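Okay, structure first, notes after.
These numbers come from the heavy atoms of this one structure, side chains and all, not from hydrogens, waters or symmetry mates. All figures in this text were calculated on a predicted structure; none of them were measured in a lab. Nothing fancy with the numbering, it's 1 onward along the sequence. Both ligands and their constituent atoms are indexed starting at 1 by order of listing.
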Amino acid sequence: LLAINEEFYSIQGEGLHTGIPMYFVRLQGCAVGCYFCDTKYTWRPEDQTTKEGDIINRALNSKADWICLTGGEPLEQDVSQLTQMAKDHGLFIHIETSGAYYQDNIKFDYLCLSPKDLFSKKKALPIMKEHAAEIKVVVTKMSDLDYYLREYYPFCEDHSIPLVIQFVDNNFTLLNKTMEVTQGMKFVRIMMQQHKVMQLR
Ligand code: SF4
């Protein structure tokens, strides 16, 4: 059983998977506590009452190829059964996580690591970088970018994975400076949160 905040079909709005139709499963609970969080309604923990099999049935009914586990922080709960069932039914699994928690028994096809090191005591665990298909960071001011380029970009370069840069609240006031600073960095991608532009969930 899992505590779920909401489930819905939509289009992925962030990162390299932007544009892919997915069945979103927003898990309840997040102790990371970022000040800019746009899903604060997920923070409080709740009883685990939703059956994994019911979630999978609804995902299959949505006709999406991908199921996206997001939150809240999806890895605060044990999602091993859900991910195994998703695999058994041929769904591709995308996980969006802060990286503050590690589960070694889950299945996934794509893990987006979105570290919140600068905004929380719950920093991304080093092991989570090893599992990331992309690292996606939120820039609120130029010193944030300096930190990400120092702490994460060398890893991205070494492992040929993108460092996706987004600006808090899609505020592009730092865009020109970011382009200047990252010029020549082949693994940097600069993006907006497309679902907010399209006014989707
Ligand atoms: S990790 Fe994500 S869900 Fe949790 S507080 Fe930060 S932005 Fe919100």
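Between Lys136 and Glu14, at least one side-chain N (NZ, or NE/NH1/NH2) sits under 4.0 Å from a carboxylate O, which counts as a salt bridge.
Phe36 and Phe119 have their aromatic ring centers within a separation under 6.0 angstrom. Taking the six-membered ring wherever Trp is involved, the centroid distance between the rings of Phe172 and Phe167 falls below 6.0 Å. The aromatic ring centres of Tyr110 and His17 sit less than 6.0 Å apart.
For atom 8 (Fe) of ligand 1, the set of protein N/O/S atoms nearer than 2.8 Å consists of Cys37 SG, ordered by chain and number.
Residues forming a side-chain contact (heavy atoms from CB on, under 4.5 Å) with Leu125 (at least two apart in sequence, or on another chain): Tyr102, Ile127, Met128.
A pairwise comparison of heavy atoms in Tyr35 and Thr140 identifies OH-CG2, 3.3 Å as the closest pair.
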